[in-house]
Amino acid sequence: MTLGLEERWTLIDRISKATVTFGKYEHTLKDAIGELTVKPLTGIPVAIAILYGFWSVFGSFAGTLCTDGFFVKLFDGYWLPWIQEAFPGQGDLLYRILVDAGGIDSGEFVLSDNCFEAFGALTSGLFVAIGVVLPAIVIFYLMLALLEDVGYMPRLAVLIDTMLHKIGLHGYAIVPTILSLGCNVPGVAATRILETKKQRFIMMTLLAIFIPCGAQIGIMEKVVPDLLGWILLYLLIGYFIFGYILNKIVPGRAPEFLIDVPPYRRPLLGNIAKKVGGRIRGFFTVALPFVMLGCAIVSVLYLLGVIQFLGDLLAPIFVNWFGVPAETAGPLVAAFLRKDLAVAQLSVIEMTEYQMITAVVLVSIYFPCVATFAMMLKEGWKELLGALAALVVVVFAYGGLIHLIGILLGVA
Amino acid sequence: MKVLLMGHPNVGKSVFFNRLTGANVTESNYPGTTVDYTKGWMKIEGEDVELVDVPGTFSLDPKDKAEDVAVAMLHETKDAKVITVIDASKIERGLYLALEIIEEGYPVVIALNMWDVAWDKNIRIDARNLEKILGVPVVPTTAISGEGIKELVSRLKSAKPVEVDDIIANAGGLT
């Protein structure tokens, strides 16, 4: 037999009266801290401080300490010269794909002198994966795990709720958004906590387009550190503008959210270690193979002249519509497969700061990586097609808008 | 035997799961960490038991996709036993879900989890009496430190389907 709603609650009431006694509740320090971080007046400054702290630790640990301080020296000083010598057949096709694409200087094949410009799977590919992306992912997930286990995320969700309602989402959308900053794949999975199809579609689309993953941020931090703030600002603005538009045009409901704000808890070291370890393993087994594959495919396409051809073909669009130099066309085409290295390639091209910002923003809002693509397909092919349509529109509309802003500011 | 871990979001189901199976399911202190189910194996008295970590759900009337997954999982495995994890400091609404599962005829064991938090909040629960009224095993637990987990597992075999009429009678009627 099953009960009706009323009957069930009556029964529960009875049971609880017979078995539970509620003592006097004492306001604890935890509660006081809890309130301070949720009330807007004190909560917003605290949130800004926490995010700023997050950001500075990320930059100094991943960028300055690990990448520049250790891996650049290791890879450029030892690994690159060694493998350039040890690998047979200098200048061969296989050599150029795996080790060093090199350059042609007055008819002679010359070797690259750093791992960023070699563009081989075993040099640039490995360096980017281990030297740049790994430290970024480790520190990101470590700090995220701390925030998660302490119980800060739901409080951040409450604080940002009003703002996210404007784009058809609610505070809890902060969870997939922040997860995506590590890797978009778990971010897409986390959209399941949103209630309606409309919300999940908006969230997935915005994640795929506007949220750069840890790998991309790590690379940007490495090659264009001074412009990173501007790039992220443009992405954030785009997130809200296009979220607002999507909310207006996508049919469906965007309900209020109800959330249990859990008490703050002391994080357990074991759990943090396990979680960070699991996520890093996930990144290396799910995402990295695609990255290496992409690196190899791009090298092949370069050698076959496909990228050059497409670049020349599309250069007028890039130059006239987006306002970036014609030389960027190649890297921007390659970015469909290889976002992170594309940023590295862009960084060595002569252009103004504003053009650089535009070009890097374009790379970020491009096609999601193959792993994210597969994850979105798993959530539904209709959603995926919709997201791709939105993507094409956004790349042109937002890229053009950034160009226009540049013209109006007189910097483009 | 197949055992499902069910309960509200953020009550510690994944913590139980990891402790019981030695697996690595992500645990966090926010509702909605688990959005898909994970299966694992544990041994009880020499028998292999399949344990499923089910996404959190407030009731058997799903409100989002993660809850859809949870309810579908329950309905697909008619022969399963269910460990219903309840936040002991919010016992009433946990009982709501537990009753729904009991009413559908599943053998249930109740874990009164976060016993330490309830204790700090000066909430005292007479677990024995609760067990007597419901007719299903009730075990106080603190999953994060592992307290009560052994007992919970040892009580699984005594879980049987219960008629809700009996619960009503034990509670002294509905009126």
Side-chain angles (χ1 to χ4, degrees), chain A residues 1-3 5 7-26 28 30 144-145 147-155 157 172 175 186 189-197 199-200 255 259-265 267-268 271 274-275 277-279 281 379, chain B residues 8-10 15 18 24-33 35-36 55 63-69 87-93 95-96 99-100 103-104 114 117-118 120-134 138 144-145 163-165 167-168 170-175:
Chain A
M1 174 191 135
T2 54
L3 299 170
L5 192 78
E7 292 170 309
R8 201 175 290 129
W9 280 120
T10 313
L11 178 58
I12 289 166
D13 207 35
R14 286 254 156 168
I15 297 173
S16 114
K17 280 213 176 82
T19 56
V20 189
T21 52
F22 293 92
K24 196 172 161 307
Y25 183 67
E26 278 159 30
T28 61
K30 267 188 197 168
L144 181 65
L147 286 187
E148 283 181 344
D149 286 20
V150 165
Y152 186 66
M153 301 292 274
R155 289 171 172 87
Y172 225 55
V175 169
T191 59
R192 291 186 183 181
I193 58 176
L194 299 171
E195 289 85 353
T196 63
K197 274 200 157 156
Q199 289 177 311
R200 277 199 296 278
I259 188 186
D260 271 316
V261 177
Y264 277 127
R265 284 187 200 127
L268 295 173
N271 187 39
K274 234 169 38 181
K275 183 151 66 175
R279 283 175 173 167
R281 202 164 33 247
E379 298 295 304
Chain B
H8 284 198
N10 210 33
V15 185
N18 285 349
N24 275 319
V25 171
T26 307
E27 309 161 1
S28 303
N29 185 14
Y30 63 79
T33 308
V35 292
D36 206 346
K63 295 279 188 290
D64 61 38
K65 204 172 173 189
E67 295 198 355
D68 275 345
V69 173
D87 178 347
S89 67
K90 296 165 186 154
I91 184 164
E92 281 103 337
R93 58 188 204 176
L95 283 175
Y96 187 91
L99 278 176
E100 278 194 308
E103 285 165 28
E104 293 204 359
M114 305 198 191
V117 176
D120 288 344
K121 288 186 174 171
N122 282 320
I123 298 168
R124 302 287 177 268
I125 303 167
D126 185 344
R128 282 225 180 131
N129 196 16
L130 185 59
E131 178 165 327
K132 231 191 305 175
I133 294 173
L134 292 174
V138 175
I144 228 163
S145 61
E163 281 302 322
V164 75
D165 285 332
I167 300 177
I168 295 172
N170 293 339
L174 276 182
T175 46

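Everything numeric here is computed off the predicted structure, so don't read it as measured data. A, B, ... follow the sequence lines: proteins, then strands. Residue 1 opens every chain.
For the options Ala88(B), Pro9(B), Ala118(B), Gly173(B), heavy-atom pairs under 4.5 Å to chain A are most numerous at Gly173(B).
Smallest separation of non-hydrogen atoms from Arg8(A) and Tyr96(B): NH1-OH, 2.9 Å. The two residues Val20(A) and Ile123(B) make their nearest non-hydrogen contact at CG1-CG2, 3.8 Å. The shortest non-hydrogen separation linking Glu92(B) to Ser16(A) is OE2-OG, 3.3 Å. Of all heavy-atom pairs between Asn10(B) and Pro262(A), the closest is ND2-CB, 3.3 Å.
Between Ile15(A) and Ile167(B) the shortest side-chain heavy-atom distance falls below 4.5 Å. Side-chain contact between Asp36(B) and Arg192(A): present, with at least one pair of heavy atoms (C-beta onward) separated by less than 4.5 Å. Contact check for Lys65(B) versus Glu379(A): side-chain heavy atoms found under the 4.5 Å cut-off. Counting only heavy atoms from C-beta outward, the side chains of Met114(B) and Arg265(A) approach each other to under 4.5 Å.
When heavy atoms are compared at a cutoff of 4.5 Å, Ile133(B) approaches chain A solely by way of its side chain, counted from C-beta outward. With a 4.5 angstrom heavy-atom cutoff, Val69(B) touches chain A only via side-chain atoms. Contact of Lys63(B) with chain A is made through the backbone alone, with heavy-atom distances under 4.5 Å. Looking at Asp87(B), neither its backbone nor its side chain comes within 4.5 Å of chain A, counting heavy atoms on both sides. Of the atoms belonging to Arg93(B), heavy atoms from both backbone and side chain fall under 4.5 Å from chain A. With a 4.5 angstrom heavy-atom cutoff, Lys90(B) touches chain A only via side-chain atoms. Heavy atoms of Ile91(B) lying under 4.5 Å from chain A belong exclusively to its side chain. The contact between Lys24(A) and chain B is made entirely by backbone atoms, counting heavy-atom distances below 4.5 Å. At a 4.5 Å heavy-atom cutoff, the contact between Leu268(A) and chain B is made by side-chain atoms alone. With a 4.5 angstrom heavy-atom cutoff, Val175(A) touches chain B only via side-chain atoms. For a residue to count as touching a neighbouring chain, one of its non-hydrogen atoms must lie under 4.5 Å from one of that chain's; by this rule Leu134(B) touches chain A with the side chain only. When heavy atoms are compared at a cutoff of 4.5 Å, Leu147(A) does not approach chain B at all. With a threshold of 4.5 angstrom between heavy atoms, Tyr152(A) does not approach chain B through any atom at all.
Note that the CD atom of Glu100(B) and the CG atom of Leu5(A) stand 8.5 Å from one another [nearest 0.5 Å]. The CG atom of Asp64(B) sits 9.5 Å away from atom CD of Gln199(A), with the distance rounded to the nearest 0.5 Å.
Remark: Lys30(A) does not engage Asp120(B) in a salt bridge, criterion side-chain N to carboxylate O under 4.0 Å.
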